[in-house]
Each structure stands twice: as structure tokens, then as C-alpha cells.
Amino acid sequence: MTTAVVTPARLQDDLSTYASLVHAPFDPSVVSGVLNALAEVWPSSWLAVRTTTQTDRDVSIRFMNLAAAADPVGRLRRAGLLPFTGHPRERLLEAVLAAGPVLYGVDVAVGAGVQKIWLMLPDLMSVEQMVALPGIPDAVRDHAEHMTRWSNDQICMIAVDFVNGTMNAYAQVVPPGQLTPADIATVLDEVGAVPAYDQDLAALESAAYTIYWTFDWDKPGVQRVCFPRRFARETFPVHLDPLLAQFIAGAPLAGPGPHGFTLYIAYGPTGRYYKVQADYLAIGTQIRLPGNADVPMTH
């Protein structure tokens, strides 16, 4: 996906820098273990790095757009880095894989280990299909009507978090201007989340490109709903939080640009926080997501 050559040593050094920027834990043995397990496939992935403004934060390296044949789940399991324990999330992973073509993503917290497995759905999936999958949390079924309305009945990605015991469902990408501040306020109200601050709505500026919901197998309701928007480094709204400013200013990047940055604003029943992702490897001025959708970057 890029002409940049990233060696394991370079990646380790840069991830250590990211962790230092935001005072997050870093364990080189965690990163090297994953790089060794995925040695034959990770160099072909697109790489991004993310963190959050939460007090107890991680820095995560994301290996995205891995072909199904790469089988990162099998490789990580064989290396002992992704234990299966009989939890319903494992049935859900298997069911999504059986339902149609996928591209994989893997999130690794650089101080702790493998956290999340992403399954991108090139052919998209209806909400009805998703809620019928074995292993899906009951809370997803409870919110099927809400999700159908706000996703246009198109799910483009499912992610399973092995650390936090949650899953995310991502609505198909929409063009700028479709998700208005009034829409965001309505979504938050419908799921019982705190309302958006004016500064958040101004930062999103009707340019959020999707909605995604977080559910827990052991809890009712929507645990979190999130709205992302992409920026260039020079236009990122760093005034929102000092940690965002540190991350954006100091983020090491590999290879030629343009490198985008994504702001995510996440809302739950009791509060909200920010997430930020850097395109460690440039992917161009647009990201093409499942359903052949483009996500423009704001300059």
C-alpha cells in the first residue's frame, strides 16, 4: 500500500515515542512478539497508531487491511497471543468469517498485547443479518431498529475487543454533510448517552463519516457511540485537549505523505472522551472503506 519500508526496529522506536508522548505504557517484548507472530503478513498491512484522552490510556498499533488468507487470528493463537476461552465473541468471529469475504485488522496495545480483531466487510451486511449471527450480544438485538435507521441498514465493519469484552458495529460511510449536529444529538439521546458539547459539534462540523456503537456481552444498552472525522495535521482541532496537541505535534510518521489524522469523539451514559489516530503509513487524501466508500481528509 506504500513504498515506505518499515523495519521492526524502526517501528519499535516510533511506538516507544508515541507512548512517551502521551505517558502510556510500552513493552518492547509485546510488540516484538506480535511482529514475530505476524512476520509473514504485517509488512503488507496499512499501519496506524491511536490513543485516547482517558486517564488509563494505551497506545495501540493497528495492522489494517490484511487479506483473509493472512489469517492473523490463527497466527496469533498459535503464538499464544490470542487465547480462546469459549466466550461467545469467538463464535461471532467464526460466524462473520463464514458469512462472506472479509479483510482483517489487528489492534495491539503496545504495553499489554493483542486487544481487538477487526473484520471489514467488502460486501456490507444488513443489521438483520448481523443480529442473526451466533454469538452476537443481546444488546445488539435490542437496538436493531435504531441501528437500522442510522446505518441505512448497512454495516461495514465489526470489531471484537478481547480485553474489554465488547464489540463494535460500524455503519456504512456517509458523505460530508449527511450527519448533522441535530442527527448526532438525536443518536445520543436515543441510546442514553450524554449530550455533545458545542465544541465537539463544531469540530465534527457535519463531516463525521460514520457512527459506530459499542456493546458488551454482559451488560444491557449501548456502552458507547462514536463519531469520527479525518483531518490533516495542520487542521486538526488540537484546542480540544492538550493531549491531542501533544500527539499531533510529535507523532512520528513513516514514508512520504500525505498522512491523515482521525479524531473520534466517544460518548457513553456518564461522559465522553476523545480518541486520535495517526496514519503511520500514508494512505492518501482519501481512505476507501467497505462498500467502495471514500473518506475525505480535511485540509
- [ ] Mind telling me whether H146 and W150 have parallel, tilted or perpendicular rings, with 30° and 60° as the class edges?
- [x] tilted
Open item on the list: Strictly by salt bridge (charged side-chain N to carboxylate O under 4.0 Å, His left out), give each pair with a member in residues 181-193 just once, sequence neighbours left out.
Closed with: R149-E190
Open item on the list: Run the side-chain contact (heavy atoms from CB on, under 4.5 Å) test against D14 and tell me which residues pass, sequence neighbours left out.
Closed with: R10, P252, Y280
Task: Sub-4.5 Å side-chain heavy-atom contact between Y104 and L119 - done: yes
- [ ] Sort out for me which residue in T262, V22, I248, L263 forms a side-chain contact (heavy atoms from CB on, under 4.5 Å) with V276.
- [x] I248
Task: F231 backbone acceptor or donor facing T235 side chain under 3.5 Å - done: no
Task: Backbone of Q154 reached by a side-chain donor or acceptor of S126 within 3.5 Å - done: no
Open item on the list: Can you give me the closest heavy-atom contact between R233 and A251, atom names plus distance?
Closed with: NH2-O, 3.5 Å
Task: Distance in Å, L103 CG paired with N65 CG, rounded so as to fall on 0.5 Å steps - done: 6.0 Å
Task: In one Ile/Leu/Val/Met/Phe/Trp/Tyr side-chain cluster, 4.5 Å: Y273, L243 - done: no
TODO: Give the cluster check for L35 versus V108: same hydrophobic cluster or not, with ILVMFWY residues linked at side-chain heavy-atom distances below 4.5 Å.
DONE: yes
Task: Shortest non-hydrogen separation from A232 to F261 and the atoms involved - done: C-CD1, 4.3 Å
Task: Shared hydrophobic cluster for I265 and V194 (ILVMFWY, side-chain gaps under 4.5 Å) - done: yes
TODO: Check the side chains of N168 and T214 for a donor-acceptor pair under 3.5 angstrom, ignoring hydrogens and angles.
DONE: yes
TODO: Calculate, to the nearest 0.5 Å, the distance between atoms CG and CG belonging to L66 and D71 respectively.
DONE: 10.5 Å
- [ ] Report yes if the side chains of W213 and M147 come closer than 4.5 Å at any heavy-atom pair, otherwise no.
- [x] yes
- [ ] With sequence neighbours left out, write down each residue that passes side-chain contact (heavy atoms from CB on, under 4.5 Å) with P83, or none if nothing qualifies.
- [x] none
Task: By ring pair (Phe, Tyr, Trp, His ring centres under 6.0 Å) - contacts of Y212 (at least two apart) - done: Y170
Task: Selection residues 66-97 - residue pairs positive for ring-ring contact (aromatic ring centres under 6.0 Å, His included), sequence neighbours left out - done: F84-F162, H87-W217
Open item on the list: With salt bridge (charged side-chain N to carboxylate O under 4.0 Å, His left out) as the rule and sequence neighbours excluded, what pairs involving residues 236-251 come up?
Closed with: none
Which pairs of donor and acceptor atoms, one on a side chain in residues 109-118, lie under 3.5 Å apart (sequence neighbours left out)?
from : atom 1 : to   : atom 2 : distance (Å)
W118 : NE1    : D107 : OD1    : 3.1

TODO: Grab the two heavy atoms, one from S32 and one from Q12, that are nearest each other, plus how far apart they are.
DONE: N-NE2, 3.3 Å
Task: CA sep, side-chain torsions, deciding dist, call: N164, Q223, side chain to side chain contact (heavy atoms under 4.5 Å, CB included) - done: CA-CA 11 Å; N164 295 309; Q223 303 305 305; over 6 Å; no
Task: Over all atoms of both residues, closest heavy-atom pair of P228 and T210 - done: CD-O, 3.2 Å
TODO: Return the set of residues passing side-chain contact (heavy atoms from CB on, under 4.5 Å) with P181 (not counting sequence neighbours), or none when no residue passes.
DONE: L201, S206
Open item on the list: Within the 4.5 Å heavy-atom criterion, are V140 and M167 side-chain neighbours or not?
Closed with: yes
Open item on the list: Between F227 and Y267, is there a side-chain heavy-atom distance shorter than 4.5 Å?
Closed with: yes
- [ ] Provide the full list of ring-ring contact (aromatic ring centres under 6.0 Å, His included) pairs with a residue in residues 16-35, sequence neighbours left out, each pair given once.
- [x] Y18-F247
Task: Side-chain touch I184/V187, heavy atoms, less than 4.5 angstrom - done: no
Open item on the list: Using every non-hydrogen atom in the two residues, find where A171 and C156 come nearest and quote the distance to one decimal.
Closed with: O-SG, 3.5 Å
Task: Atom pair NZ (K275) and OG1 (T51), whose distance is rounded to the nearest 0.5 Å - done: 10.5 Å
Task: Approximate separation, where rounding is to 0.5 Å, of L11 CG and I61 CD1 - done: 5.0 Å
Open item on the list: Is it the case that the side chain of T186 and the backbone of A182 share a donor-acceptor pair, with hydrogens and angles ignored and the cut-off at 3.5 Å?
Closed with: yes
Open item on the list: Check whether Q172 reaches the backbone of N152 with its side chain - one donor and one acceptor, N or O, closer than 3.5 Å.
Closed with: no
Open item on the list: So which atom in G221 and which in A139 form the shortest heavy-atom distance, rounded to 0.1 Å?
Closed with: O-CB, 3.6 Å
Task: Pair listing, salt bridge (charged side-chain N to carboxylate O under 4.0 Å, His left out) test, anchored in residues 245-272, at least two apart - done: D200-R272
- [ ] Can you tell me which residue pairs pass the salt bridge (charged side-chain N to carboxylate O under 4.0 Å, His left out) test with a partner in residues 36-53, sequence neighbours excluded?
- [x] E40-R75
Task: For D13, side-chain contact (heavy atoms from CB on, under 4.5 Å) partners two or more places apart - done: none
TODO: Taking E90 for its side chain and G86 for its backbone only, find out whether a donor-acceptor pair lies under 3.5 Å.
DONE: yes
Task: CH2-CG distance between W46 and D279, expressed to the nearest 0.5 angstrom - done: 4.5 Å
Task: Residue pair D138, R141: steps toward the side chain to side chain contact (heavy atoms under 4.5 Å, CB included) verdict - done: CA-CA 5 Å; D138 290 339; R141 298 189 183 94; 3.0 Å; yes
Task: Pairwise distance OG(S20) to CG(L15) - rounded to 0.5 angstrom - done: 11.0 Å
Open item on the list: Working note: V96 + L121, criterion side chain to side chain contact (heavy atoms under 4.5 Å, CB included); need CA distance, chi angles, decisive distance, verdict.
Closed with: CA-CA 9 Å; V96 176; L121 310 171; 3.7 Å; yes
